[in-house]
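The structure appears below as structure tokens.
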Amino acid sequence: KKEGCVRQEYGQKKPGDEGALIVVEAGRPVPAIVFRLQAASTIAGIVRNEEGYPVANILVQALRGSYGVRGTRTLTQFSSVLTDDRGIYRLYWLDPGDYYVSASYLPQLPTAVNANEDVPRGVYAATYFPGSGDAVRAEAVHLDNGSTSAGIDFRLQRSPAVSVRGTVRSLQTQTAAEATVTMFAPEESASVARYSVQTDAKGVFAMNGVTPGTYILSAKSLSADEQIGFATIKVLDADYLRADLVLGPGVTIKARLFGQVPPGTDLSRLQISFLPLEGYIPAPAASMIQSNGSIAVANVQPGNYLLRASGLPDTAYVKAAQLDQRDVLEQFVRVQYESQAPLDIQLAFDGGQLNGTVTNAAGLPLEGATAVLVPDRVRRHRPDQYRATTSGADGRFSVVGIAPGEYKLFAWESVETNAWVNPDFMANYEQYGLDLSVGSNEKISGQVRAIPEFTEMRNRTPCLVPICLD
């Protein structure tokens, strides 16, 4: 890591990827480790108000997109800066890639609208480049190594300033709880929260200078137990006075296993985990099967979750699962603080196996590619039907525990995790998939050519970039 250069890890294929392990063995020299550092990138521009005047103390953020377990897009802060007295901002030392840029008002800082007011009458609504108040309509700014994307300017619009007030109480004690309360947009992660306050001793909080919109309220207790709670609110152009939150430790969900287990089958490594559909909810720790066959996942916060089973034998997969008569594979696991019924999981042991190879454009084996088995369109709403793995040094990979059915095999040189569950993303790549049919207990093979990075087509011209030298 060097100031002004892109952060790197040894062996990574691109910035942000995980690096390779370096094996050190007694008596054997470690091969030379060389880093060829590339200059970092910059986004710059000016923020003005609706009358065209520059605005100081506006928070400008460079946001990176990621995909949730159901393929939904979430924005996470990568870098941020405040505009100066000329409305100018400069986000520097950025890794290459795609960024979404937002400009938003911070309640605790003075602007031209409210320079001398403790409780502002008007504020500026959050705006995403090139000029939308809706994150879904934001356009990505692409940065190559060492590039500067200037002219990423904003014209902010004034918005009513309202207050959000409420109380925080503990579910366990049924009394007021002191907590830190934050508020952020649903399509953004908690790292992008623009509103943050602490309650008083009576659990009361107030947020001023809030612009209308839909928000996630999050609270974390200041006590040692660190209980948490969440709520969704819709703020209109009037004060929101009943934004109440309940803090709790979560619930424990017990699971029961069903199915015809073949003699000699080892289930001792089976783990059950719940992956939250909402990125702001923490994922509870996975639970292993106990010697008596019981499974219990603790500290599950109220919300919606995807069921995942790992550590199964090669032929096994989850065939069905129900919670309180709800099909949680077709839908999802819904958790509430009310009395929670046990989760019934049916295992099947007739899964197929795929042994495949990933090649590059020259037909040579490709190491480190992401190979993904994508189910037919009827089952694409079910993340449990997807299988993803990474090709080895010889380009080979193996996928086991495949539910019988029709699939397409894809491979990418580089791809974001869970991007393949997003229909809009996959629409760019359908023609590159290899059709496969997997039968009960069937072993099949397949070879697929990796999709190069940026095949999604941005019509970019390769450019030379400066090298960072010592």
Side-chain angles (χ1 to χ4, degrees), residues 47 55-63 74-83 100-115 117-128 132-135 138 154 156-169 177-200 202-222 226-247 278-282:
V47 179
V55 188
N57 289 335
I58 293 296
L59 176 68
V60 182
Q61 300 178 96
L63 309 171
T74 301
L75 300 180
T76 304
Q77 177 181 290
F78 184 88
S79 181
S80 65
V81 69
L82 294 174
T83 57
Y100 299 89
V101 187
S102 71
S104 55
Y105 156 82
L106 283 178
Q108 63 269 34
L109 294 177
T111 68
V113 173
N114 56 31
E117 296 176 354
D118 292 333
V119 181
R121 293 169 298 172
V123 296
Y124 297 111
T127 303
Y128 298 86
S132 174
D134 186 353
F154 292 87
L156 303 184
Q157 298 297 318
R158 200 167 301 191
S159 173
V162 300
S163 295
V164 173
R165 303 172 184 271
T167 58
V168 179
R169 65 183 179 88
E178 294 185 71
T180 298
V181 183
T182 58
M183 194 165 67
F184 49 92
E187 62 274 3
E188 299 176 341
S189 72
S191 68
V192 190
R194 291 184 287 270
Y195 305 96
S196 180
V197 297
Q198 283 194 1
T199 66
D200 62 17
K202 297 181 179 180
V204 177
F205 70 90
M207 294 179 176
N208 298 318
V210 178
T211 58
T214 300
Y215 294 96
I216 303 298
L217 269 176
S218 171
K220 183 177 181 180
S221 66
L222 299 181
E226 293 189 344
Q227 297 183 47
I228 57 177
F230 307 92
T232 302
I233 64 172
K234 187 172 184 178
V235 179
L236 303 177
D237 55 359
D239 291 345
Y240 196 105
L241 304 178
R242 295 298 304 273
D244 300 328
L245 286 161
V246 176
L247 304 186
E278 296 87 1
Y280 55 86
I281 295 180

Check your understanding: Taking T127 for the side chain and G133 for the main chain, is one N or O donor matched with an acceptor at less than 3.5 Å?
Key ->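 Between the backbone of G133 and the side chain of T127 there is no qualifying donor-acceptor contact (under 3.5 Å).
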**Study point:** Main-chain N/O of A62 paired to S79 side chain as donor or acceptor, under 3.5 Å
**Key:** no
Minimum heavy-atom separation for [X] and [Y], please, with both atom names.
X: A243; Y: L217; answer: CB-CD1, 3.4 Å
X: A219; Y: L245; answer: CB-CD1, 3.6 Å
X: V123; Y: A161; answer: CG1-CB, 3.8 Å
X: D239; Y: S163; answer: OD1-N, 2.8 Å
X: F184; Y: S218; answer: CE2-CB, 4.0 Å
X: S104; Y: A126; answer: CB-CB, 3.9 Å

Straight-line distance of [X] [atom1] to [Y] [atom2], nearest 0.5 Å:
X: L59; Y: Y105; atom1: CG; atom2: OH; value: 12.5 Å
X: Y124; Y: R158; atom1: OH; atom2: CZ; value: 5.0 Å
X: R165; Y: D244; atom1: CZ; atom2: CG; value: 13.0 Å

Only counting residues at least two apart or in another chain, list the ones meeting side chain to side chain donor-acceptor pair (under 3.5 Å) with [X].
X: Q227; result: Q172, D225
X: Q198; result: none
X: D200; result: none
X: T211; result: Y215

Kindly indicate whether the side chain of [X], heavy atoms from C-beta on, has any atom under 4.5 Å from the side chain of [Y].
X: T182; Y: S196; result: yes
X: F154; Y: V101; result: yes
X: I233; Y: M183; result: yes
X: V204; Y: T199; result: no
X: S102; Y: L63; result: yes
X: Y128; Y: L75; result: yes

Practice item. Apply the side-chain contact (heavy atoms from CB on, under 4.5 Å) test between T180 and each candidate in V168, V197, L222; give the one that qualifies. Key: L222
Practice item. Quick one: list whatever passes ring pair (Phe, Tyr, Trp, His ring centres under 6.0 Å) with F205, sequence neighbours left out. Key: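 For F205, no residue satisfies ring pair (Phe, Tyr, Trp, His ring centres under 6.0 Å) once neighbours in sequence are set aside.
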Check your understanding: In chain order, what residues pass the ring pair (Phe, Tyr, Trp, His ring centres under 6.0 Å) check against F230, with sequence neighbours excluded?
Key -> Y280
